[in-house]
*Asks:* 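Before anything else, here's the structure in question.
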Amino acid sequence: MHVSAIWAVFQFERKRTATTTRWLWWLILSLFPIAISLFIRIYVDEEMMFSAFSLMLFYMIPAVVCVMGQLLWATPSVQSELEGKTWSFIALKPYGKIHLLLGKYLTSVAWTFFAALVCLTVVLFVTTPKVSHFERKEIVIEVPRSFDGFNFGNKRNRQTQQGTVKRRVGRLVPVEKMSNSERIHLWWIMATLSLFSCLNYGALFCLIGTILPRRAMVLAIGYTVIFELIVGFIPAIINQLTIQFRLRSLLLEWSGGELTGLTRNNPIFQSETSQWQHIGILLLLFPFLLAAGSYILHRRELIVSEDVN
Amino acid sequence: MDRVTRLYGDVIGANDISLELAPGAYGLLGPNGSGKTTLLNLITGRLHPTIGRINLLGFEPWNNAELYRRVGMCPSVSQLYPNISAYDWVNYLLKLQGHSKSQAKKDAEKALDLVKMTGAMHRKMGEFSRGMRQRTKLAQAIAHEPELLILDEPFSGLDPIGRHDLTEILKHQINQGKSVILASHILHEVETVTDSFLLIFGGRLLASGSAEEVHSMMVDVPNEISLKCSKPDLLSKHFVSDQSVLAVQIDRESSTLTVSTKSPKSFYETLPRWAKETNSSISEVRSSDESLQDLFDSLMRIHRGEK
């Protein structure tokens, strides 16, 4: 492994990819959460719960922006070189193939994480959804017992009558009037989750790009929809295999009880696993995925059409 | 190479090739689609042989970083990153070769200077002509001073001056003791650089030998050359008097002469004298590789035992 070669690829790719098209996509990606938050601010004249706001931020930034960014930029790492026929030059360099993959991975992480940080900062500090009044209070809702199938297990919940249970679903905090420390705390949570999201999804899509370079995008979208979106919400142990589950679990752990009422001990959202286990898994997963991608790329015979004459 | 065969599914890219080459310069000659690029990719370890073994400079070539330090490759592909300058690209590839930042900078500038691209090296490659792209590709291949230089169709798209410059660069490399393998489908291009040939067709290595030997094989195979000149009638009289010329066709409207000769080398050598004697200016000379195709067809028939 030659770190300076990876850095050389990163620098080269940074320069190569700074095209108008790339910046346009980057802007679309960054503007998406900003536009949603602006829409809520202008058109929704209702109080927004802190918990709902946190979840909204999570699904807009670490989930959508980071996943979309990595889908767009990490998945075609190898495919773009094959289609551009520049692979012929890279493949014959001593620090070519694997270093190219790792350098391109770093570039896609940088592009996506930068987009996530920009929109997170704007949404939290500029376009925060507006609320009508400021009052912190507990929100408790009654849900039919038949809907309560996931063993919520919150000690503060108490049964009131046959067929329904009362649930504390969150804290009502007009987000426009969140204190600075609350905003900064939430910024750190989302920034960290965005980084984990970029690192892991980027590595996953790079791996997919080495397994099936010419159909990488289709495979990556298929994987994301089937596993991260559908399987990720199945209340069974299988959802623990998804990156979404780990990120969601950390969100719930780190948001300091704001989201506990609806979600704690709900296997859709969270397991009993400690946050350190989730962090450990997320920190080990992306090097593992990158190592697998590098191995495949090293062993694989990839040729461009001109190579078959 | 020891009995190397490479299959692409049901298609044979290289067919039972055994070959041992001493250091030197070789021209790999064959029509388009004959298996030249497959052979080069097998030699450089980009492809695995389906059957057989390969050894290059004492190394098993597949994925061999040590070998890649000693080999420079100029592939036939003409696409380069359009929004990157030639300097940035060569510099980048040198870093992937393992060079330090300062060494890469120095070597990139030196290589681009050698291929006469210094003036344009900071321009984006998307603005380059085909000839400039060929020069840049050559620069990246020679920048790390490899002991073996492999070039796939390096003359493609070059103008006469570019061809001459490239020939000089390759001759310079050979004079410095570097080995060169040059793949082309045009005999005269290769002939200017080396007189050792490997003839490949249909994935088979059909023959090897010197330029004279190849020419002697082609003695009965006419080579067609067309010329645009100012005095086609006068010039044609000289052609007809030449023993090696088999037929001459004049197109007065376009001032073009089409000459069929069995000895193109002597024809090319005598052509300037004839032009001078007739005071005729020649603006364009084109040689088709039909003759070579005919030679390969003949060799294939011999190889199959049909003749």
Side-chain angles (χ1 to χ4, degrees), chain A residues 1-23 76-104 107 210 294-309, chain B residues 6 8 11 13 30-41 44-48 61-85 88-89 91-101 104 137 140-141 144 146 150 152-153 183 185:
Chain A
M1 192 64 69
H2 203 259
V3 178
S4 61
I6 298 171
W7 184 246
V9 177
F10 174 72
Q11 285 183 312
F12 181 79
E13 283 296 311
R14 193 171 46 84
K15 192 179 269 190
R16 188 183 73 81
T17 55
T19 57
T20 314
T21 317
R22 175 65 72 99
W23 278 113
S77 295
V78 177
Q79 181 206 14
S80 62
E81 298 292 329
L82 286 171
E83 278 185 3
K85 290 167 185 169
T86 43
W87 182 256
S88 304
F89 299 96
I90 302 290
L92 289 178
K93 297 295 166 190
Y95 303 107
K97 297 192 273 190
I98 294 173
H99 297 77
L100 175 92
L101 181 76
L102 300 179
K104 283 195 156 202
T107 315
T210 61
S294 302
Y295 178 77
I296 291 170
L297 203 57
H298 184 67
R299 300 298 311 163
R300 200 139 179 220
E301 204 176 63
L302 290 171
I303 49 174
V304 300
S305 52
E306 271 81 353
D307 291 337
V308 197
N309 280 320
Chain B
R6 167 69 200 201
Y8 299 106
V11 180
N32 288 328
S34 59
K36 298 188 297 289
T37 307
T38 297
L39 185 62
L40 295 185
N41 282 328
T44 52
R46 282 199 59 203
L47 293 175
H48 260 313
W62 172 251
N63 263 338
N64 195 319
E66 190 52 46
L67 177 70
Y68 296 161
R69 286 193 185 90
R70 298 165 64 177
V71 174
M73 173 81 183
C74 182
S76 62
V77 293
S78 58
Q79 288 95 327
L80 303 172
Y81 302 107
N83 63 332
I84 290 291
S85 73
D88 283 339
W89 186 57
N91 185 37
Y92 161 63
L93 290 176
L94 277 167
K95 286 175 184 167
L96 295 187
Q97 200 70 43
H99 286 212
S100 67
K101 194 177 171 182
K137 275 164 55 186
Q140 65 79 33
H144 59 288
I150 298 173
D152 195 357
E153 301 283 0
H185 63 279

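Computed from a predicted model, the values in this text were never measured in an experiment. So that the names make sense, note that chain A is the first sequence line, chain B the second, and so on, each numbered from 1.
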*Asks:* Rounded to the nearest 0.5 Å, what separates atom CZ in A:F12 from atom OH in B:Y81?
*Replies:* 5.0 Å
*Asks:* For B:P75 and A:F89, which heavy atoms make the closest approach, and how far apart are they?
*Replies:* CD-CE2, 3.3 Å
*Asks:* Please flag which part of A:E81 lies under 4.5 Å from any non-hydrogen atom of chain B: side chain, backbone, both or neither.
*Replies:* side chain
*Asks:* Could you tell me which portion of B:W89 (side chain, backbone, both or neither) has an atom closer than 4.5 angstrom to a non-hydrogen atom of chain A?
*Replies:* both
*Asks:* Run the salt bridge (charged side-chain N to carboxylate O under 4.0 Å, His left out) test against A:E301 and tell me which residues pass, sequence neighbours left out.
*Replies:* B:R6
*Asks:* Roughly how far, to the nearest 0.5 Å, is CG of B:N83 from OG1 of A:T20?
*Replies:* 9.5 Å
*Asks:* Atom NE2 in A:H99, atom CG in B:L96: separation rounded to 0.5 Å?
*Replies:* 8.5 Å
*Asks:* Which atoms of B:Q140 come close to chain A, meaning under 4.5 Å heavy atom to heavy atom: side chain ones, backbone ones, both, or neither?
*Replies:* both
*Asks:* So, do B:E66 and A:P94 sit near enough that their side-chain heavy atoms are less than 4.5 Å apart?
*Replies:* no
*Asks:* Search all heavy atoms of A:R299 against all heavy atoms of B:W62 and return the closest pair with its distance.
*Replies:* O-CZ2, 3.2 Å
*Asks:* Looking at A:K97, A:H2, A:R16, which makes the most heavy-atom pairs under 4.5 Å with chain B?
*Replies:* A:R16
*Asks:* Could you tell me which non-hydrogen atom of A:K85 sits nearest to which non-hydrogen atom of B:V77, and how far apart they are?
*Replies:* O-CG2, 3.5 Å
*Asks:* Which residues pass the salt bridge (charged side-chain N to carboxylate O under 4.0 Å, His left out) test with B:K101, sequence neighbours left out?
*Replies:* none
*Asks:* Just how far is it from atom OH of B:Y92 to atom CD of A:E13, taken to the nearest 0.5 Å?
*Replies:* 5.5 Å
*Asks:* At a heavy-atom distance under 4.5 Å, which candidate from A:L92, A:T86, A:I90, A:T19 has the highest pair count against chain B?
*Replies:* A:L92
*Asks:* Starting at NE2 of B:H48, measure out to CZ of A:R300 and round the result to the nearest 0.5 Å.
*Replies:* 12.5 Å
*Asks:* Taking C-beta and beyond as the side chain, do A:W7 and B:K95 meet within less than 4.5 Å on heavy atoms?
*Replies:* no
*Asks:* Which pair of non-hydrogen atoms, one from A:G84 and one from B:Q79, has the smallest distance, and what is that distance?
*Replies:* O-CB, 3.4 Å
*Asks:* Which atoms of A:L100 are under 4.5 Å from chain B, going by heavy atoms: the side chain, the backbone, both sets, or neither?
*Replies:* side chain
*Asks:* If I measure from the heavy atoms of chain A, does B:H99 come under 4.5 Å with its side chain, its backbone, both, or neither?
*Replies:* neither
*Asks:* Show the nearest heavy-atom pair for residues A:L302 and B:R46, with the distance to one decimal.
*Replies:* O-NH2, 3.1 Å
*Asks:* Under 4.5 Å heavy-atom distance to chain A, tell me which part of B:L93 shows up: side chain, backbone, both or neither.
*Replies:* both
